[in-house]
Every structure is written in C-alpha cells, then in structure tokens.
Amino acid sequence: MNTQASSVLESVQALEKSLEQVEATVEREGLPDDERVRRAKKAFLRKLDGRKAVDLDTCIHCGMCAEACPFYETTQDERYAPVNKYHLLRRFYRREVSPMRPVFRPFTRDITIDDLREWRHYVFDACTGCARCDMICPMGINVSSLIRIVREGIGAADLMPPRLQRLKTEQAEKNSIVGVDGQKLREIADQLADQGIDVPLDKDGAEIMMLTTSMEMRSFPSALAANAKILNKAGANWTMFPEACESANLGYVAGDTAAMRVAVKRIVDKAKQHSIKTVVLPETGHGYQVLRWLGANTVGEQLPFEVLSIIEFIIREQGEGRLALKQGGAGTSVAYQDPCRLSRKGGILQEPRDILESMGFELRETEYHGREDYCCGGGCGEYVLSTGSELRHKVFALKKGLFEDTGADKVVTACASCRYNFLIGAEKSGWEKPIISLSETVAEQLAD
Amino acid sequence: MTLLEFARGPGLQWALWIFLFGVLWRVVGAMYLLGTKDLSKFRSKHYVRDGLRAVLTRSAPAEAFEKKIRFQHLTGYAWHLALFISVLFFAPHILFFESVLGFGWPHLPNTVILVTAAIATATLIALLIRRATHPVQRLISNADDYISVLAVLMPLVSGILAFAHVGARYETLLAIHLLTVEFMLVWYPFSKLMHTFMTIPSRYQTGTFFGHRGVKA
C-alpha cells in the first residue's frame with residue numbers, strides 16, 4: 001500500500017469500527033404494519049407524476065437493464081435486475097393510479113408489509129442508484145428514478161436498514177453523523193492553522209461557503225486540508241460554518257425526504273443568512289446530487305447561490321487564471337473513477353480528466369468510463385450497510401479488474417465514498433494499487 | 001350474417017373504436033398526472049435537442065452495452081421491420097387501407113411478404129422462448145407479456161395460413177385472420193403493446209432530464 005493510502009487506512013478502519021457500533025440488526029418498533037404500508041403507498045403516490053406514468057407504461061419487460069447493473073452482473077441474481085427493483089412501484093401504479101386501474105386492479109396484487117421488507121434488500125443493499133441502467137434502456141426509461149421512489153416508499157414506512165435509520169435520525173436531530181459534528185471541524189481547523197493552513201470559520205462577508213463531510217473529517221482530513229489550500233491559493237473569499245458544514249445527507253440515503261430536507265435547509269438557511277454567492281462541495285457524490293440537483297426542489301424555491309463541486313471550482317479557477325498547477329504528474333499514469341452522481345447523474349465528466357491532464361498525468365481509461373462507468377459498489381450509503389458488504393465487495397472485484405486492465409499506476413477519484421469503498425476493498429483483497437483523491441492531488445501540485 | 005361479414009363489419013368497427021378510445025384514454029390519462037416543476041439550475045436549456053437526441057440514439061445501444069444485448073437488439077429490429085413490411089406492403093392490406101384512408105401506395109411481391117411474415121413469426125417465437133427461459137425475463141414476466149405475444153402472433157400465423165389457403169376455406173381463414181387482428185386491437189390499450197405510443201415520449205423526457213444536467217442520454 002502506498003504511503004498516502006496507509007496514512008488514511010487506519011482512520012478508514014476506525015470509521016468501519018464506528019459504524020459497527022451503530023445498531024445494525026434491530027428494526028425499530030413502533031409502527032403497525034398496516035401503517036407502514038399506508039405510508040409507503042402515500043410516498044409512492046406523492047412521487048408518481050406524468051413522467052413516471054409514461055416510464056411505467058413504456059416498460060416492455062425486456063430485462064436489458066439487468067445487463068447494466070453491477071449487482072446483477074457480479075451475482076447473476078435475477079432479483080437484482082433494475083426492472084425487478086421497481087416492480088413494487090409498477091404494481092402500485094397499475095392498481096391505484098393508472099388510467100386503466102379499474103381493469104388492472106382485480107389482476108394486480110396489493111402491496112404488503114412482506115413486499116416492503118423483501119424489496120428493502122433490493123433497493124438498499126443491491127442498488128446504489130448509480131443510473132447505469134438509465135443508459136441502456138431501449139425505451140429510454142429513467143429506471144433509477146423509479147427505483148428511487150421505491151427506496152423513498154420504504155423510507156417513509158420507516159423500514160430502511162436499521163443502521164441508516166439511526167444515522168439519518170442522528171443527523172436530523174443532532175446535526176452529527178456517527179458522532180462527528182461541527183466541533184470536529186473546529187478541531188481540524190485549529191490543527192491546520194498550526195500547519196499554516198488557514199480555514200476561516202464563521203467569517204462574515206465571505207462569498208464562498210465550503211462544505212465538508214463527516215467522512216472527510218473523520219477519515220480524510222487531508223482532503224479537507226487540500227480544499228482549504230486550493231481555495232486559499234485561488235484567493236477566494238471563503239469560509240466554513242461548523243453549524244452547517246455537512247454535505248452528506250443521510251436522509252436522502254435512507255429515503256427519508258423529511259430528514260433530507262432538514263439537512264438541506266441547514267445549508268440553505270446558513271448560506272442565505274450570510275448572503276453567500278457560491279456553495280462549494282467537497283469530494284462527495286450524493287452530497288452534490290442532493291444540493292445541486294435536488295436542493296431547490298427540496299426547499300421549494302430556487303437557490304439564491306450557485307452550487308459547485310470542488311472539481312468545477314478548480315476548473316473554473318484554472319480557466320480564469322487564478323489557479324496554476326505544476327506538471328508533477330508527468331511520468332505517472334492514472335485511471336479515473338467516475339463517481340456516479342458527479343458524472344452520469346451530475347454532468348461532471350470531462351472536467352476531472354482535464355484537471356488530471358493539466359498536471360501532466362497520463363490518463364488511462366477503463367473499458368467502461370465516463371457515462372458508462374461502473375459504480376464503486378458503495379455509493380448512496382451502500383458503504384455503511386453491513387447487509388450489503390458481500391455484494392459491494394463483488395462489485396469492487398469487478399472494478400479492480402477493470403483498473404488492473406488499464407495498467408495505470410494509480411486510481412484517482414473525486415468522491416469520498418468511492419475512495420472509502422476502494423480502500424476497504426483493497427485492504428480486504430490485498431490490492432496494493434494507490435487510490436488517491438483528485439483534490440488532494442491538485443493541492444500537491446499548486447504552483448508557487 | 002356470416003363469420004366473415006361479422007369480422008369485416010361490426011367486429012372490425014368495435015375493435016377499432018375500443019382501440020382508439022383506449023389508446024387515447026391511456027396516453028392522455030398518464031400524461032395528465034401533473035408533475036412538479038424542476039427548480040434546479042439547468043446546465044443545458046436545449047430541451048428539444050437533448051430530447052430528440054435520446055429519441056434517436058436509443059434506437060441503437062451504446063457501444064459499451066452492445067455486446068451484452070446484441071441478441072435482443074437484432075431480434076428486436078428483425079421483428080419490427082419484418083412486421084411493418086408485412087402489414088404495410090402486402091397488396092390486400094394496401095387495398096384495405098385505401099378503402100379507409102382514400103389513398104394507397106405501391107406493394108411488394110407476395111413472395112417477399114411471405115418471407116418477411118415468416119421472419120416476423122420466427123423472431124417473435126425466439127423472443128417468446130427467451131422470455132420463458134431467461135432468468136430475468138422469466139421472473140419479471142406476467143400474463144400481459146405472454147398474451148401480448150400471442151395477440152400479435154395470431155394475426156401473423158392466421159395471415160400466412162390465409163395467404164397459403166391452408167387448413168380451411170379461404171373465407172373462413174380470412175375471417176379468422178380478421179378476428180385475430182380485432183382481438184389484438186381490443187387487447188392493445190390494456191397491454192404492453194402501448195409502448196408503441198409511449199416510447200418516444202419516454203425517450204424524450206429522459207433525454208431532457210439528463211440533458212439538464214449536461215449528460216447526453
């Protein structure tokens with residue numbers, strides 16, 4: 001293992017141990033079964049609109065989506081076919097919503113509590129919402145958005161995996177994740193100040209609000225330091241707010257839209273309160289998805305600030321001449337892991353490649369990359385689920401083979417979940433390929 | 001009233017009305033479900049370009065997936081092309097369309113139509129066998145999937161038999177052929193055959209969804 005990976009491995013393992021402390025086996029009691037089913041149906045109904053109806057009425061059950069799904073590919077288990085993952089929603093639509101429901105209803109089974117418990121495994125343990133299935137469907141169905149609704153239905157029924165149940169509640173109620181909160185940010189800022197890296201906290205008049213993640217604070221503080229160096233080098237007028245620094249959203253991950261809204265509002269309210277012009281997200285896939293694409297819809301109004309990923313910020317600053325990078329990557333080949341929610345679902349496809357090449361790295365693409373890249377196997381909270389660990393390690397093995405085929409010296413990614421999942425997978429399989437962060441790599445190449 | 005007179009007269013009329021009303025009801029009904037406006041700031045506002053691109057590009061699989069779905073892709077093309085040629089370029093069919101529409105078009109030789117009908121039938125049977133044997137398709141298939149295959153298979157087989165004058169008097173075979181077409185028309189709006197009308201809107205809206213985010217879908 002390279003030096004950089006070794007230095008983070010201990011903290012990665014510490015996070016894994018912390019997650020194990022979170023109750024992982026007991027389903028929360030309290031709601032009667034019929035109430036859970038009612039809530040799930042209500043969530044389905046709320047999300048079913050004309051677009052979803054068209055998608056559901058277009059499906060011809062060809063099953064091609066299975067061929068895009070890493071969980072199906074690595075297991076050949078037909079239950080993991082994306083079309084099966086949204087089967088519950090289709091049944092509900094045909095019984096309760098379709099214009100043909102009087103005809104369909106007698107022939108379509110109602111949803112039961114057992115269905116919800118069964119589908120929980122399919123949409124939480126065996127789906128990261130990576131949207132690769134959206135790219136293959138010959139009918140053009142937005143498959144992942146249908147599966148997402150099933151996840152939200154199960155979330156509304158409070159039947160999400162218990163560990164996610166605990167974590168999303170902790171974030172909504174205590175503004176912390178696995179015990180990591182704004183206080184941790186203050187501690188890191190103090191430590192970085194001792195190293196000469198300025199992390200301005202609660203600064204009035206700042207134009208840019210930088211976010212972090214609990215995973216970054218706990219396992220990859222070097223990434224937080226890297227982002228600070230980049231912002232400082234670009235001469236940005238920026239700050240971080242310990243009360244609203246968390247960009248991970250466990251409500252989104254758990255399918256609980258109310259908890260998701262609480263976390264989004266913390267950021268939006270703080271940004272509005274300080275007239276922030278730009279919110280920059282660290283290396284996070286789902287955090288970007290939530291704030292950039294779902295944030296406005298979640299709070300019910302257009303956001304009065306722009307939302308950028310750290311990648312977009314770097315490329316913008318490079319383009320405007322405020323950030324110069326050295327060519328320290330010359331002679332090193334890298335393969336880039338496209339985080340699903342940044343690339344396929346976020347549109348950030350070319351930027352990371354341009355940044356890597358601007359530092360002199362030789363980019364070696366995996367057989368499937370960009371729009372068609374495979375998920376790391378641990379996205380959208382999958383990495384915290386003990387129930388999905390066997391599945392995600394199978395996906396990791398698939399990814400490992402693809403990276404090996406490139407012959408690249410290092411693997412680079414721009415998502416802490418991808419990085420974490422790869423580091424755990426590498427440790428368990430004895431893989432020694434260095435897995436590095438894009439923003440940390442950029443910070444190392446900042447020109448004097 | 002003979003069986004053929006019924007099939008040509010009230011049978012066909014009722015089937016067409018059910019087809020037209022059913023299709024309209026289902027398409028308008030589905031699209032009438034209101035959606036909420038997306039408030040996020042779009043990366044691209046070329047709605048029509050993004051939507052139309054998906055409508056066109058989804059007719060061929062992305063290179064990354066082509067190997068894995070080649071069989072379904074090729075049989076899908078073979079099935080649809082052979083079906084359309086058989087339906088639209090058979091001389092008696094064109095006479096029928098001319099009586100309804102008021103205009104006709106050139107037809108293909110009968111031997112060509114016989115070949116295309118045979119190809120359509122064979123590919124449909126191959127797809128049916130795949131559905132019954134492939135683990136994913138077997139799991140997700142329901143009565144609609146199988147009845148819909150039968151609904152389009154029956155007119156093909158009865159049409160070939162009528163064309164070849166095999167199995168019964170021509171009038172009887174023709175009546176059976178018309179009745180199977182009418183069954184398909186009645187079944188249509190309640191079934192997956194509706195994908196005919198839904199595919200383009202579905203591709204378009206997915207194209208715009210990803211286009212907003214700067215991704216070519």
Side-chain angles (χ1 to χ4, degrees), chain A residues 48-64 66-68 72 76-79 81 83-84 87 97-100 103-104 107 134-142 145 292-297 299-303 306-307 343-349 367-368 371-372, chain B residues 22 25-41 43-44 54-55 58-59 61-65 68-69 72-73 76 131 134-145 189-190 192 194-195 198-207 209-210 212-217:
Chain A
L48 275 172
D49 60 13
R51 296 171 75 100
K52 304 294 183 296
V54 167
D55 276 346
L56 289 165
D57 274 338
T58 309
C59 181
I60 55 168
H61 283 175
C62 69
M64 285 191 211
E67 303 298 340
Y72 173 75
Q76 295 295 301
D77 186 331
E78 60 270 25
R79 297 172 307 159
V83 59
N84 188 51
H87 179 67
V97 184
S98 164
M100 289 296 185
V103 179
F104 294 153
F107 305 102
D134 295 345
M135 298 295 133
I136 197 173
C137 178
M139 316 309 284
I141 296 169
N142 193 335
S145 71
R292 174 67 178 88
W293 299 113
L294 307 177
N297 299 318
V299 296
E301 59 179 341
Q302 291 192 327
L303 301 181
E306 68 173 338
V307 178
S343 57
R344 185 164 41 244
K345 292 181 95 168
I348 303 176
L349 290 149
E367 182 180 358
Y368 305 104
R371 208 186 69 142
E372 280 97 22
Chain B
W25 176 263
R26 194 159 170 189
V27 170
V28 173
M31 293 182 178
Y32 187 71
L33 292 167
L34 295 176
T36 48
K37 190 183 172 195
D38 188 347
L39 298 170
S40 64
K41 190 178 168 192
R43 219 188 278 283
S44 158
V55 170
R58 288 301 168 109
S59 299
E63 197 183 335
F65 304 121
K68 292 180 177 174
I69 57 174
Q72 282 172 290
H73 180 60
R131 181 169 292 284
H134 189 279
V136 171
Q137 282 198 287
R138 203 173 53 214
L139 174 72
I140 60 178
S141 295
N142 54 24
D144 178 11
D145 293 302
F190 303 100
K192 63 184 276 185
M194 280 297 294
H195 75 268
M198 297 296 203
T199 302
I200 288 177
S202 175
R203 287 181 179 179
Y204 185 90
Q205 66 186 19
T206 294
F209 174 85
F210 280 97
H212 291 163
R213 299 180 176 205
V215 179
K216 292 177 185 173

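Side chains are part of it too, since the values below use all heavy atoms of this structure and drop only hydrogens, waters and symmetry mates. Proteins come first, then strands; the chains are lettered A, B, ... in the order of their sequence lines, and each starts at number 1.
Separating the CZ atom in B:Arg43 from the CD1 atom in A:Ile348 is a distance of 5.5 Å, to the nearest 0.5 Å. For the atom pair CE of B:Met198 and CE of A:Met139, the computed distance is 11.0 Å after rounding to the nearest 0.5 Å. Rounded to the nearest 0.5 angstrom, B:Met194 CE and A:Thr58 OG1 are separated by 9.0 Å.
The greatest number of non-hydrogen atom pairs below 4.5 Å with chain B, out of A:His87, A:Arg371, A:Glu372, is found for A:Arg371. Ranked by heavy-atom pairs under 4.5 Å with chain B, the list A:Ala296, A:Gly140, A:Ala81 is led by A:Gly140. Residue with the most contacts toward chain B among A:Gly63, A:Gly346, A:Ala53, A:Cys59: A:Gly346 (heavy-atom pairs, distance under 4.5 Å). With chain B as partner, the option from A:Leu294, A:Leu48, A:Val307, A:Asp55 having the largest number of non-hydrogen pairs under 4.5 angstrom is A:Asp55. Per-residue heavy-atom pair counts under 4.5 Å with chain B were compared for A:Asn84, A:Leu56, A:Asp57, and the maximum is reached by A:Asp57. With respect to chain A, the highest number of heavy-atom pairs below 4.5 Å among B:Leu33, B:Ile200, B:Val55 belongs to B:Leu33. In terms of heavy-atom pairs under 4.5 angstrom with chain B, the leader among A:Ser343, A:Ala66, A:Pro138 is A:Pro138. Among B:Gly29, B:Ser59, B:Ala30, the residue with the largest count of heavy-atom pairs under 4.5 Å with chain A is B:Ala30. Ranked by heavy-atom pairs shorter than 4.5 Å toward chain A, the options B:Met31, B:His73, B:Gln137 are led by B:Gln137. Note on B:Asp145, B:Asp144, B:Val27: by heavy-atom pairs under 4.5 Å with chain A, the leading option is B:Asp145. Comparing B:Phe209, B:Tyr204, B:Tyr32 by heavy-atom pairs within less than 4.5 Å of chain A, the highest count is held by B:Phe209.
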**Study point:** Residues B:Lys41, A:Gln302; criterion side-chain contact (heavy atoms from CB on, under 4.5 Å); working and verdict
**Key:** CA-CA 8 Å; B:Lys41 190 178 168 192; A:Gln302 291 192 327; over 6 Å; no
Practice item. Run the numbers on B:Val136 and A:Glu67 for side-chain contact (heavy atoms from CB on, under 4.5 Å), then give the verdict. Key: CA-CA 10 Å; B:Val136 171; A:Glu67 303 298 340; over 6 Å; no
Point to revise | Trace of the side-chain contact (heavy atoms from CB on, under 4.5 Å) decision for A:Cys137 with B:Arg58 | key: CA-CA 8 Å; A:Cys137 178; B:Arg58 288 301 168 109; 4.2 Å; yes
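Taking every heavy atom of both residues into account, B:Phe190 and A:Phe104 meet most closely at O-CE2, 3.3 Å. Closest non-hydrogen pair, B:Ser40 versus A:Trp293, comes out as CB-O, 3.6 Å.
Both the backbone and the side chain of B:Pro135 come within contact range of chain A, judged by heavy atoms closer than 4.5 Å. At a 4.5 Å heavy-atom cutoff, the contact between B:Ile140 and chain A is made by backbone and side-chain atoms alike. For chain A, the nearby part of B:His134 is the side chain; its heavy atoms alone come within less than 4.5 Å. Residue A:Phe107 does not touch chain B at all, counting heavy-atom pairs closer than 4.5 Å. For B:Arg131, the part lying near chain A is the side chain, with the backbone staying farther off; criterion is any non-hydrogen pair under 4.5 Å. Proximity to chain A involves both the backbone and the side chain of B:Ala64, based on heavy atoms less than 4.5 angstrom apart. Heavy-atom distances place no part of A:Leu303 under 4.5 Å from chain B, backbone and side chain included. In this structure, no portion of A:Asp77 lies under 4.5 Å from any heavy atom of chain B. Only the side chain of B:Phe210 has a heavy atom closer than 4.5 Å to any heavy atom of chain A. Both the backbone and the side chain of B:Asp38 come within less than 4.5 Å of a heavy atom of chain A.
Both tests hold for B:Lys68 against A:Tyr368: distance to the six-membered ring centre under 6.0 Å, angle to the ring axis within 45°.
Checking A:Ile141, A:Asn142, A:Val54 one by one against B:Gln205, the side-chain contact (heavy atoms from CB on, under 4.5 Å) holds for a single residue, A:Val54.
Within a 6.0 Å radius of CD in A:Gln76, other residues, nucleotides and ligands contribute more than 12 heavy atoms.
No side-chain donor-acceptor contact under 3.5 Å links B:Gln72 to the backbone of A:Met64. Using modelled atom types, one side-chain atom of B:Arg213 and one backbone atom of A:Lys345 make a donor-acceptor pair closer than 3.5 Å. For A:Arg51 (side chain) and B:Thr206 (main-chain N/O), no donor-acceptor pair under 3.5 Å exists by modelled atom type.
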